[in-house]
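Before any comments, here is the structure.
What's counted below: heavy atoms across the whole structure, side chains too, no hydrogens, waters or symmetry copies.
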Amino acid sequence: MPFYLFTFRPQITEQDLFENFLTIFIPELKKLPKYSYSIEEDNTLQKHIHVVAESKAKDLSAFKQIFNKKIFKDF
(Lines give C-alpha, C1' and ligand atoms only; values in the text may rest on other atoms or scores of the structure.)
Protein backbone atom coordinates (compact mmCIF):
# COMPACT_ATOMS: atom_id res chain seq x y z
CA MET A 1 0.00 0.00 0.00
CA PRO A 2 1.26 3.50 -0.73
CA PHE A 3 2.30 6.00 1.89
CA TYR A 4 1.52 9.71 1.65
CA LEU A 5 3.13 12.75 3.25
CA PHE A 6 0.81 15.53 4.35
CA THR A 7 1.76 18.84 5.97
CA PHE A 8 -0.60 21.41 7.45
CA ARG A 9 0.76 24.84 8.35
CA PRO A 10 -1.68 27.66 9.14
CA GLN A 11 -1.03 31.28 8.32
CA ILE A 12 0.64 33.04 11.24
CA THR A 13 -2.41 35.29 11.58
CA GLU A 14 -4.76 32.30 11.94
CA GLN A 15 -3.18 30.15 14.63
CA ASP A 16 -6.52 29.03 16.07
CA LEU A 17 -7.12 27.12 12.82
CA PHE A 18 -4.35 24.70 13.75
CA GLU A 19 -6.11 23.43 16.89
CA ASN A 20 -9.48 23.35 15.11
CA PHE A 21 -7.97 21.37 12.26
CA LEU A 22 -6.45 18.82 14.64
CA THR A 23 -9.78 18.16 16.33
CA ILE A 24 -11.32 17.07 13.03
CA PHE A 25 -8.24 15.57 11.38
CA ILE A 26 -6.92 13.24 14.09
CA PRO A 27 -10.11 11.12 14.26
CA GLU A 28 -10.02 10.76 10.46
CA LEU A 29 -6.36 9.85 10.60
CA LYS A 30 -7.05 7.07 13.10
CA LYS A 31 -9.24 5.36 10.49
CA LEU A 32 -6.19 4.72 8.29
CA PRO A 33 -4.25 1.43 8.57
CA LYS A 34 -0.92 3.01 9.58
CA TYR A 35 0.08 6.56 10.31
CA SER A 36 2.58 8.69 12.16
CA TYR A 37 2.49 12.39 12.83
CA SER A 38 4.69 15.01 14.38
CA ILE A 39 3.73 18.47 15.55
CA GLU A 40 6.75 20.68 15.11
CA GLU A 41 7.57 24.06 16.61
CA ASP A 42 4.57 23.88 18.93
CA ASN A 43 3.89 27.06 20.92
CA THR A 44 5.34 29.20 18.14
CA LEU A 45 3.84 31.01 15.18
CA GLN A 46 5.51 28.45 12.88
CA LYS A 47 3.81 25.39 14.36
CA HIS A 48 2.80 22.75 11.87
CA ILE A 49 2.05 19.06 11.56
CA HIS A 50 3.63 16.45 9.30
CA VAL A 51 1.74 13.23 8.70
CA VAL A 52 2.95 10.07 7.00
CA ALA A 53 0.03 7.73 6.39
CA GLU A 54 -0.57 4.45 4.67
CA SER A 55 -3.77 4.35 2.70
CA LYS A 56 -5.73 1.83 0.71
CA ALA A 57 -6.14 4.61 -1.85
CA LYS A 58 -4.66 3.66 -5.20
CA ASP A 59 -3.25 7.13 -5.91
CA LEU A 60 -2.96 10.66 -4.56
CA SER A 61 -6.31 11.82 -5.89
CA ALA A 62 -8.02 8.92 -4.11
CA PHE A 63 -6.15 9.82 -0.90
CA LYS A 64 -7.37 13.41 -1.19
CA GLN A 65 -10.96 12.12 -1.02
CA ILE A 66 -10.47 12.11 2.76
CA PHE A 67 -10.65 15.90 2.57
CA ASN A 68 -13.84 15.96 0.48
CA LYS A 69 -15.98 15.18 3.51
CA LYS A 70 -18.45 17.81 4.64
CA ILE A 71 -16.58 18.53 7.88
CA PHE A 72 -13.46 19.53 5.94
CA LYS A 73 -15.41 21.57 3.43
CA ASP A 74 -17.05 23.49 6.29
CA PHE A 75 -13.63 23.97 7.86
Ion pair Glu41/Arg9, N-O distance below 4.0 Å: no
Approximate separation, where rounding is to 0.5 Å, of Ile49 CD1 and Leu29 CG: 7.0 Å
How many angstroms lie between CZ in Phe8 and NE2 in His50, if you round to the nearest 0.5 Å? 13.0 Å
Between the side chain of Gln15 and the main-chain N/O of Leu45, is any donor-acceptor distance below 3.5 Å? yes
Would you name the heavy atoms of Val52 and Phe3 that are closest together and state the gap between them? CG1-CD2, 4.0 Å
Ring centres of Tyr37 and Phe25 under 6.0 Å apart? no
Atom pair CG (Asp42) and NE2 (His48), whose distance is rounded to the nearest 0.5 Å: 10.5 Å
Nearest heavy-atom neighbours spanning Phe18 and Ile39: CZ-CG2, 3.9 Å
Which heavy-atom pair separates Leu32 from Ala53 by the least distance, and what is that distance? CD1-CB, 3.6 Å
With a cut-off of 6.0 Å (strictly less than), are more than 12 heavy atoms of other residues, nucleotides or ligands near CD of Gln46? yes
Taking atom CG as the centre, does Leu5 end up with more than 12 heavy-atom neighbours from other residues, nucleotides or ligands that are less than 6.0 angstrom away? yes
